[in-house]
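Report on one structure; see the data block that follows.
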Amino acid sequence: MNLKQLLDDKVTAAMTTVGIADAKAIVKQAQRSEFGHYQANGIMGAAKRQKTNPRELAAKVLEQLGDDKDLQLEIAGPGFINITLKPDFLAEALKGLQNSHRLGVDTAQSRVFVVDYSAPNLAKEMHIGHLRSTTIGDTAVRVLEFLGQKVIRANHVGDWGAQFGSLLAYMDQLASQGEELSSELKDLEKFYQSASALFRSDEAFASKARSFVVRLQGGDEKCLALWKKFIAESTRHCQAVYDQLNITLTASDIRAESAYNDVLPLVVDELEERQLLVESDGAKCVFLDGFIGKDDKPLPAIIQKSDGGYPYMATDLAAVRYRASTINAHEVLYFVGAQQQLHLRQVFAVATAAGYIGDHQRFRHLPFGWVLKADNTPFKTRDGADVKLVDVLNEAVDRAHRLVDEKNPGLSPEEKKTVARVVGIGAIKYAELSKNRTTDYIFDWDTMLSFEGNTAPYLQYAYTRIQSIFRRENISPTEIHGEFHLTDPAEFRLAVKLLQFGEAINGIIEDYQANILCNYLFDLAGIFMSFYEACPVLKATDPHRTSRLLLCHLTARTLHKGLDLLGIETVEQM
RNA sequence: GCCCUGGUAGCUCAGUUGGAUAGAGCAUCCGCCUCCUAAGCGGAGGGUCACAGGUUCGACUCCUGUUCAGGGCGCCA
């Protein structure tokens, strides 16, 4: 059940009945508590179109709605309709939530989604810049699956291209010097830096690196063997990060750039057949309307370079082709940085012109910005100035461990370890997910690893407080029987918020902004904390005690599910 | 030069197809643990929503211009 939708339908119907064409109730959650729980804003716009008095029109709509046993309605201000849910209705709705395994969230019509996210470059270690795509994409995946969609995770890792030349040449050199490769590869970042340094300083090495690129692309067996060894090591590294981060990606979700190598000539042929290809300066290009470069010159999408090589435009087109035709996806989501916006626009446009994307299929780019340091300078991907993702995660867990030592010394070492992991990792992910920005964002160590205020630990803490209530008197939450009996304002606020979980979930999938769910959960936790202070649970007498226990259990379930959708774990004590 | 983003409290950010008095967290200040976990609760201060016009009953939101910042614009990805 979706309260907002329910009310919107109801008021819209009444508006239509009183003769308003194209009626839209525009029901929203009330901005201020004195306005009730919801407000309909659509009357004023309708009155304007009809050139009538908005308050009089509102009165007509109200008359049409009549006496409602569930709702208290009133006209306010210039023509708002304020809606308050009556206590009996709230109690009944809560009962419905309590009996719903899905916390009142309906499943959507099942469609096929491909979600392209994370996509690290395997030549390097994962760094802080990968966090956003990975965490937001994973949340999108979890939410879509919760809504009953078929989701195919697509980890489009970079495992091909020129940067592998120097890596392979370096591996070859080390091997010939009798070095143990596997130990050298432990620190991928250092390995990459050493190789690049050699590439820049040693002309003989650079030329060897370039020849390795050619040999790799030509299918040279020795090169391929080295390449596979490197890719395997790098993939293991990524998986370790995913596991630590509680990301649902696995090795089977990897469909690397190289997986499309064989299809690239076919893509060129197909574009040729469609008469889209034009040769320009020796490169095979597609020129489309609406793409203008410098000096008003048409901007090409380069499909094949003059040296015969394929740029990532070709690979991305092959990926579109695969997702649209082979997987037959209805919707494909790209969680990719904002700097790729023009590129992806080109990819989608060329793919559409080529007939790869059908009318029923939707490809969307969900962009996000750079990671900046507190001094507004970007994290660069070279020179060792980057913060490695593993280091950030370990630091977060360490800080959380120091805190749990201080806050709850009574826990066993094992429990502390678990709490530190869950809280530390949760804080990192929540810091990412709770921001809506599609532009740059500041990574500040202290902000990101803060455990106070609007953070994951706050939500996790609210959860443990509830669990603590049940634990104290050995109450099994699923075996509480009785009715909801709401009297205190804090109980009403909590009740309404619990009923709005579905609205938050639906809000996410419009533009895949996880912060909508974060904001909801933070509100819910805050309202619960106030309720916790204002309304004793265990010391109350029935019917309040039972009702409050039921509210606690529903809150715990909602927090747990909401955090789970964000990929954040909970603990029983912290 | 052109295109895309963005500019909201000291800092980090919300603000849902235009709605009522622009909201949180952090930081600062004042209260609250004989009471279910103080990683908490209650309260206070803090704003020219970059700037200037326009559209209208009503603009942080839409339009135009200006400005500042970031990104992108032919063979790196």
Side-chain angles (χ1 to χ4, degrees), chain A residues 4 24 26 28-29 31-32 34-35 39 41-42 44-45 47-48 54 76-80 82 121 123 158 160-163 257 280-285 291-307 309 311-313 315-316 337-343 345 367 369-370 372 374 376 378 400 403-404 406-408 423 431 434-442 444 446-448 450-455 457-458 460-462 464-473 503 507 510 513 515-516 518-519 522-523 526 529-530 532-534 536-539 552 573-574:
Chain A
K4 189 168 95 169
K24 279 195 194 122
I26 313 186
K28 300 182 176 185
Q29 292 175 19
Q31 290 194 332
R32 313 169 66 82
E34 64 257 40
F35 300 150
Q39 60 185 59
N41 296 342
M44 290 167 288
K48 188 173 171 181
F80 299 97
N82 289 346
N121 182 345
W160 204 251
Q163 74 265 32
E257 287 180 342
S280 173
D281 295 338
K284 292 181 177 170
C285 308
F291 292 95
I292 307 294
K294 284 177 183 166
D295 305 323
D296 284 340
K297 281 162 67 181
L299 181 70
I302 297 174
I303 314 298
Q304 189 171 19
K305 298 188 287 182
S306 51
D307 66 2
Y312 77 144
M313 178 67 67
T315 315
D316 284 347
Q339 72 272 25
Q340 298 297 337
Q341 199 225 38
L342 178 59
H343 168 71
R345 264 212 317 132
W370 293 106
L372 303 176
N376 274 327
L403 196 66
V404 72
E406 174 194 323
K407 299 274 185 189
N408 206 342
V423 166
S434 59
K435 288 182 178 64
N436 172 37
R437 288 310 169 105
T438 54
T439 51
D440 303 342
Y441 69 109
I442 309 286
D444 180 67
D446 290 323
T447 307
M448 181 135 314
S450 161
F451 302 112
E452 290 176 354
N454 189 359
T455 62
Y458 179 83
Q460 292 164 325
Y461 181 63
T464 63
R465 280 185 138 183
I466 298 171
Q467 298 310 97
S468 171
I469 290 173
F470 294 128
R471 191 170 50 245
R472 175 166 285 260
E473 295 200 3
E503 291 172 32
E510 284 172 24
Q513 294 169 345
N515 74 306
I516 290 178
C518 293
N519 290 344
F522 180 61
D523 281 351
M529 292 289 196
S530 303
Y532 181 94
E533 300 282 338
V537 178
L538 295 173
K539 286 183 180 167
C552 283
Q573 300 181 61
M574 62 186 268

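Quick note on labels: first sequence line is chain A, next is B, and so on, each numbered from 1. From a predicted model like this one, the values you see are computed outputs, not experimental measurements.
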Scan [X] against the nucleic acid and name what it touches under 4.0 Å (heavy atoms): base, sugar-phosphate only, or nothing.
X        : result
A:Lys539 : sugar-phosphate
A:Phe291 : nothing
A:Lys435 : sugar-phosphate
A:Gln39  : base
A:Ser530 : sugar-phosphate
A:Asn82  : base
A:Ser280 : base
A:Arg345 : nothing
A:Gln304 : nothing
A:Glu473 : nothing
A:Ala47  : nothing
A:Ile466 : nothing
A:Met44  : base

From [atom1] of [X] over to [atom2] of [N], roughly how many Å is that when rounded to an integer?
X        : N     : atom1 : atom2 : answer
A:Met529 : B:G40 : CE    : P     : 7 Å
A:Glu452 : B:A24 : CD    : P     : 18 Å
A:Gln31  : B:A59 : CD    : C1'   : 13 Å
A:Gln513 : B:C13 : CD    : C1'   : 13 Å

Using a 90° cut-off around 0 for syn, call B:G74 syn or anti.
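Glycosidic conformation of B:G74: syn.
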If the glycosidic angle is within 90 degrees of 0 it's syn, otherwise anti, so just tell me which one B:C33 is.
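It is syn.
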Across all strands shown, which nucleotide pairs with [N] by Watson-Crick or G-U wobble geometry, both distances under 3.5 Å?
N     : value
B:G23 : B:C13
B:C29 : B:G43
B:C62 : B:G54

Can you say whether the rings of A:Tyr312 and A:His343 are parallel (under 30°), tilted (30 to 60°) or perpendicular (over 60°)?
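It falls in the parallel class, under 30°.
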When you compare [N] with [M], how far apart are their [atom1] atoms, in angstrom units rounded to a whole number?
N     : M     : atom1 : result
B:G45 : B:C30 : P     : 15 Å
B:U67 : B:G15 : C1'   : 25 Å
B:C33 : B:A38 : C1'   : 7 Å
B:C57 : B:C3  : C1'   : 37 Å
B:A9  : B:A50 : C1'   : 15 Å

Quick check: does any side chain N or O of A:Asp307 sit under 3.5 Å from a backbone N or O of A:Gly309, one acting as donor and the other as acceptor?
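At least one qualifying donor-acceptor pair exists.
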By a 5.5 angstrom centroid cut-off and a 30 degree plane limit, is there stacking between A:Phe35 and B:A20?
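Yes, A:Phe35 stacks on the base of B:A20, since the ring centres sit under 5.5 Å apart and the planes are within 30°.
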Is any side-chain heavy atom of A:Pro367 less than 4.5 Å from a side-chain heavy atom of A:Gln341?
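No. Closest side-chain heavy atoms not under 4.5 Å.
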